[in-house]
Protein chains: 2
Amino acid sequence: MSVYTPAEVVEETGFSLDTLRYYEKIGLLEPVGRNAAGQRRFSEDDVGWLGTIRCLRDTGMPIAEMLRFAELVREGDHTIADRIKLLEEHDGRVREQIARLTERQGYIRNKISYYRTVV
Amino acid sequence: MSVYTPAEVVEETGFSLDTLRYYEKIGLLEPVGRNAAGQRRFSEDDVGWLGTIRCLRDTGMPIAEMLRFAELVREGDHTIADRIKLLEEHDGRVREQIARLTERQGYIRNKISYYRTVV
DNA sequence: ATCGCACCTGGAGCGCACTCCAGGTCAATC
DNA sequence: GATTGACCTGGAGTGCGCTCCAGGTGCGAT
């Protein structure tokens, strides 16, 4: 079972070291293991979880909601229905987000086309 | 040439009154016309411009860049090539945004599917 | 042994985009 | 003529999500 240094995790997840510490501090990450010198050594699971976090963050989930999700995960398998619910609601918002973005994109492209006719 | 009261513009654009005043203060909106009592009366053009702003904001353009765009618009027709450039760069970012969102959406949906197999 | 470097901590600070507030004006309505 | 309600101003405050800082530890390389 391999472990990762902070620098490796920064590299793999794209989160800054400060952000990793911040996530641990607020409880989005469970207390990370340490080596003898007190330095963090992230587990495979930590890195996997950070991948999930990355994905939720990138789709605009606020930290407060990620915390709720993290709690559900910690509580064990009997919360899986709740997790599905949470993720489905989020998926709905992502869909809306994409739809809105696509619509606005159309407007921007029209604008560009219009400018092209003017030049 | 009809004009709009603040309340009407709030209704039509979805920006709050405070936001409208803020946009005027920072120069994103040119100084809005006033009635005898000093109250704002927005022109058709103001409302149209706010539509553009809405669209750029919703697609994640930072205010600083919208200000640059507003400046170009004010400078007149000889800046149209620059405006096209700015909007095209923005369009590129919007495309990336949609692509990333779509990819992450796939991940989320996988996660949901996985949870469904577990329950 | 001394240096550089990756890492540690608690806590302060920051950038963005608003949002709220206190105190005031004016016009129309009861 | 008192009240109500939409609006005004300048400036302070807020929430989010980090990001930075000072001061310190421990380890491997020169």
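Since this is a predicted model, take the numbers as computed values, not measurements. Here is the naming used below: chain letters follow the sequence lines, and residue numbers restart at 1 for every chain.
Atom CG of A:Leu20 is separated from atom C1' of C:dC8 by 14 Å (rounded to the nearest Å). One interatomic measurement links the two molecules: CG of B:Leu67 to P of C:dC18, which rounds to 12 Å at whole-angstrom precision. Regarding B:Glu65, its CD atom lies at a distance of 16 Å from the C1' atom of C:dA17, rounded to whole Å.
Among residues two or more places apart in sequence or in another chain, the salt bridge (Lys or Arg N to Asp or Glu O under 4.0 Å) test is passed with A:Arg100 by B:Asp58. Partners of B:Tyr115 according to the ring pair (Phe, Tyr, Trp, His ring centres under 6.0 Å) rule, which considers only residues two or more places apart in sequence or in another chain, do not exist here.
Screening residues 27-36 of chain A for salt bridge (Lys or Arg N to Asp or Glu O under 4.0 Å) gives A:Glu24-A:Arg34, A:Glu30-A:Arg74 as the qualifying pairs, with residues at least two apart or on separate chains. Under the salt bridge (Lys or Arg N to Asp or Glu O under 4.0 Å) criterion, the residue pairs touching residues 6-18 of chain B are B:Asp18-B:Arg21, with sequence neighbours excluded. Residue pairs meeting the salt bridge (Lys or Arg N to Asp or Glu O under 4.0 Å) criterion with at least one partner in residues 60-70 of chain A, sequence neighbours excluded, are A:Glu65-A:Arg93.
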Under 4.0 Å protein heavy-atom contact, by nucleotide of nucleotides 11-30 of chain D - B base, S sugar-phosphate only: B-----BBBB-----S----
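Remark: A:Arg40 is not in phosphate contact with C:dC7, judged by side-chain N or O atoms under 4.0 Å from OP1 or OP2.
Closest approach of A:Trp49 to A:Ala70, counting heavy atoms only: CZ2-CB, 3.6 Å.
Residue contacts for B:Arg41: at a heavy-atom cut-off of 4.0 Å it reaches no nucleic acid atom on any strand shown.
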